[in-house]
Amino acid sequence: MRAWLLTTGLCAAMALGAVWPADAQAPKRGGTLNYMIAADGGPSLDGHKETTYAVLHATAPFYSNLIRVNPENPSSTTDFICDLCTEMPVPTDGGLTFAFKIRGGVQFHDGTPLDAHDVAVSWRRIIFPPEGVSSAREAAYPMVDKIEDPDDRTVIFRLKFPTLSFMPALADPWSFIYSRKVLEKDQHFYERNIMGSGPFKLTSYEIGQAIHGERNPAYYQSGQPYLDGFNGIFAPKQQTRVDAIRADRAALEFRGMSPSARDQLVKELGDQVSVQESDWNCGNVFTPNHKKKPFDDVRVRKALFMAVDQWHGAEALRKIAIVRTVGGLVFPGSPFAATRDELIHFPGYGTDIENARAEARRLLKEAGAEGLTVEMLNRNVDQPYIIVGTWLVDEFRKIGVTVRQNIVPTGPWLEKMRAGDFDLAMEAYCQMVVNPIADSGRYLPHEIYKENFAYHDDPKQVEIYNRMVRETDPAKARVLMRAYENQVINVGAHQLPTLWFYRIVPMRAYVKGWKISNSHYLNQNLANIWLDQ
Amino acid sequence: MYQYILKRVLLTIPTLLGAAALVFLLMRLIPGDICLVRLGSGGASFDPKALIACHKEIGVDRPILVQFLEFIWGIIRFDFGTSMWSGKPVSTEILARLPISVEIALLATTVAVGIAIPLGTISALKQNTWIDVAVRIFAIGGIATPSFWLGIVSVLLVLDITSWVSGTPWMPPIDYVPIWKDPIRNLSMAILPAITVGYRYAAVSMRMTRSAMLEVMREDYVRTARAKGLINKLIINRHALKNALLPVVTLIGIEFAFLIGGLVVTEQVFNLNGVGRLFVQAVQNQDYTLTQALVMLTVAVFVFTNLAVDLLYGWLDPRIHFA
């Protein structure tokens with residue numbers, strides 16, 4: 001497995017289009033980083049429970065993880081390294097057992113030592129949450145049977161079945177290691193408090209305003225962190241964030257900005273600003289509701305897909321929206337992703353759009369759905385929901401289908417989809433560590449994956465997925481992924497993945513060491529950031 | 001007078017309870033679910049079990065009547081519970097935002113009163129002169145210009161001007177520091193929003209001052225004062241202005257109460273972590289407990305500001321008696 005990881009890691013690193021300036025200089029110590037968090041403030045402070053990046057960007061610098069995406073190579077989809085463990089384990093028992101050795105000498109910020117029991121208790125809280133505790137990622141670990149901590153230095157994960165999706169799932173950035181002693185006293189302590197073993201110690205938290213951290217002198221990664229401290233300022237409005245970078249009230253925000261914001265900053269600040277860009281592990285999905293007529297007819301769904309010219313759409317939309325790359329079910333930078341040649345045979349990916357649209361009109365006529373007028377549910381978020389939604393509406397118009405967007409706030413948008421109260425829906429989702437097999441599980445029928453709102457039924461698709469999830473040979477798993485993708489987009493025409501997000505992070509040029517990743521959830525502990533001032 | 005105050009305070013109880021019942025029902029009529037927003041708004045997938053656990057944890061799985069009675073019982077004890085979104089006590093959430101909102105409201109009122117009363121008075125006294133026309137144009141400009149637009153433009157202007165003058169763009173701080181910790185940083189953050197909000201507020205008050213002054217200046221007692229030979233300054237300050245201020249004070253009171261929770265967009269533009277922004281977040285997140293508490297706070301602010309305005313009437317016009 002390790003050999004495969006290394007090979008695919010190298011391939012992915014070469015294939016991925018992420019760009020960043022070379023930081024050849026030696027890191028400098030000192031200084032305080034001011035960065036912005038593009039949100040109003042998160043709900044609780046508990047990473048095991050929450051899902052919004054607002055929480056992660058505020059709390060990640062205070063915590064350690066068992067393993068993580070390599071902060072020096074975060075764009076890789078396969079490069080994982082130890083954080084609290086001493087070396088990446090070689091699976092035994094036919095891929096069923098992973099034994100991690102835990103570093104010695106690690107301390108929590110209150111001075112108590114961190115050992116394997118803290119790691120095991122934290123992971124059990126995530127995968128097998130106790131009564132009264134909610135874990136947002138419980139379902140991400142169906143392969144884990146049990147977690148053992150036989151001594152102070154060893155944690156063993158025993159799996160129910162071997163799978164390639166385990167190691168990426170383990171590198172989940174939300175899996176903060178909490179103190180066993182604290183959790184034994186109060187399982188809800190971490191919702192209101194911060195006490196980890198990460199590179200920074202909390203100095204203060206002003207609700208909805210800012211979070212402040214100072215260097216943890218006892219941090220176990222040699223020489224890190226380089227910063228004396230940081231101020232994370234909540235700033236939900238993009239123009240405020242652009243102005244703040246311009247006036248150097250803050251150096252950057254990590255989530256990502258629109259192309260226009262990047263262009264404005266580059267124009268106004270010149271070489272005082274640097275920009276890092278990357279494909280983003282967030283996908284847009286167009287979902288027809290199979291329970292609503294005429295979308296119960298595969299010909300109608302396929303016709304809608306065929307109307308979409310993704311290749312030209314990508315060229316146009318990348319100038320105004322945070323989208324860029326045409327892809328299938330899998331993040332385009334992954335070795336499991338479909339190539340262009342593999343994609344062009346699917347409806348919605350063809351290169352001869354006029355022929356595709358003629359065929360779409362024929363299919364609609366055959367299905368008795370000519371001159372269709374329907375509504376598409378969308379979320380009231382400009383980037384990229386409304387922009388991509390508006391583009392799709394125009395594409396559908398070209399085959400004589402009139403679509404009106406019903407743009408609603410997040411709450412009603414989610415509720416309507418869950419209630420099946422829509423014809424068509426514009427969805428988007430963000431994943432964390434690229435985990436192709438686990439990530440593509442979201443396309444499974446609603447009966448299996450409750451957050452799939454196509455409300456379709458496809459035993460063949462489920463059968464392919466179940467084989468893929470248990471396949472440990474990457475090459476064979478990739479072949480199964482193509483079959484699965486064909487079933488979702490082409491045979492069943494259940495859902496159409498449209499353009500993948502594109503992450504643009506403009507920052508003050510004095511910020512060094514940080515490297516962009518394919519997810520705004522990754523590489524946020526700030527330990528390797530330094531200021532060239 | 002004390003009896004009057006007591007009566008008015010007691011009258012606030014049914015008002016607050018009525019508002020409480022209304023907001024409780026309205027919040028539950030809005031489609032959506034706080035747990036869905038919390039788990040699903042990040043775009044990441046989540047476990048359906050987490051949704052059930054979330055409903056249980058915040059108590060929305062209980063019957064509506066039980067929730068309502070608990071809410072009312074909480075109000076009676078001045079306990080608004082914990083925010084369904086953050087899990088923190090509602091009082092902590094509100095108190096964290098109240099200082100900046102009160103500060104902006106006070107500064108904006110100072111700006112407004114400082115501009116509106118002198119200019120409104122001068123405009124009335126110099127009716128139909130170029131001064132009057134200039135003041136009226138200034139006032140119309142204030143009413144017609146949205147505060148948020150003025151806010152955005154003022155920040156950009158400050159950035160461009162400082163960039164042009166010193167080569168380094170400057171903008172007000174984007175994180176709040178209490179005035180007692182760092183007065184300069186605090187005021188440099190608060191002054192621009194206070195001016196942008198205060199301008200509109202001043203414009204409305206200025207027009208009210210002008211029209212009230214014009215009316216009062218035509219009153220018999222002003223004519224009598226003139227006939228007695230009183231100097232103009234004394235007539236204006238002692239007789240005319242005090243009486244003309246009655247409607248102006250009412251307007252200032254209403255505007256002040258509005259500013260405590262109503263500066264939604266301005267707070268966004270200047271990144272102020274105030275009550276208005278919290279209000280919008282609470283509604284967007286469908287945080288029932290926090291929204292209910294904020295509505296109660298707003299109602300209380302309006303009720304007590306109106307009481308203060310009524311008491312001020314008695315000072316401004318001695319003919320008014322509180323029975």
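Note that these values count all heavy atoms, side chains included, but never hydrogens, waters or copies made by symmetry. Below, chain A is the first sequence line, B the second, and so on; all start at residue 1.
- To the nearest 0.5 Å, atoms CH2 (B:W170) and CG (A:D243) are separated by 12.0 Å.
- Side chain of A:R192 to backbone of B:G87: no donor-acceptor contact under 3.5 angstrom is found.
- With no hydrogens or angles considered, no side-chain donor-acceptor pair links B:D175 and A:Q209 at under 3.5 Å.
- With respect to chain B, the highest number of heavy-atom pairs below 4.5 Å among A:R246, A:Q272, A:E427, A:K450 belongs to A:R246.
- For the pair A:T410/B:Q284, no side-chain contact is recorded, criterion being any heavy-atom separation below 4.5 Å from C-beta on.
- If you take CD on B:E57 and OG on A:S44, they are separated by 8.0 Å, rounding to the nearest 0.5 Å.
- Summarising the geometry, atom CG belonging to B:N273 is positioned 8.0 Å from atom CG belonging to A:D40; distances are rounded to the nearest 0.5 Å.
- Between the OG atom of B:S86 and the CD atom of A:E191 there is a distance of 10.0 Å, given to the nearest 0.5 Å.
- The contact between A:P412 and chain B is made by backbone and side chain atoms together, counting heavy-atom distances below 4.5 Å.
- Residue-environment remark: CD (A:E447) stays at or below the threshold of 12 foreign heavy atoms within 6.0 Å.
- Pairing each heavy atom of B:R277 with each of A:P236, the nearest pair is NH2-CD, 3.7 Å.
- Taking the side chain as every heavy atom from C-beta outward, A:R418 and B:L51 approach each other to under 4.5 Å.
- B:N271 places a side-chain N or O within donor-acceptor distance of the main-chain N or O of A:F234, the cut-off being under 3.5 Å.
- The line from CG of B:L159 to CD of A:E268 is 8.0 Å long, rounded to the nearest 0.5 Å.
- Checked for salt-bridge contact, A:E131 and B:K56 meet the test: a charged N lies under 4.0 Å from a carboxylate O.
- When each of B:V269, B:V155, B:I174, B:I152 is checked for a side-chain contact (heavy atoms from CB on, under 4.5 Å) with A:T240, only B:I174 meets the rule.
- No part of B:T162 comes within reach of chain A, as not one of its non-hydrogen atoms sits under 4.5 angstrom from that chain.
- When atom types are taken as modelled, the side chain of B:D33 and the backbone of A:E415 share no donor-acceptor pair closer than 3.5 angstrom.
- Of the listed residues A:E50, A:Q239, A:K416, A:M36, the one with more heavy-atom pairs under 4.5 angstrom with chain B than any other is A:E50.
- Both the backbone and the side chain of B:Q268 come within less than 4.5 Å of a heavy atom in chain A.
- Minimum heavy-atom separation, A:L414 to B:L36: CD1-O, 3.1 Å.
- Between A:E206 and B:R97 there is no salt bridge, since none of the side-chain N atoms of the basic residue sits less than 4.0 Å from a carboxylate O of the acidic one.
- For A:I233, the part sitting under 4.5 Å from any heavy atom of chain B is the side chain, from C-beta outward, and nothing else.
- Highest contact tally toward chain B, considering only A:P43, A:A210, A:A250, is held by A:P43 [criterion: heavy-atom pairs under 4.5 Å].
- Counting heavy-atom pairs closer than 4.5 Å to chain A, the top-ranked of the candidates B:Q286, B:K88, B:E93 is B:K88.
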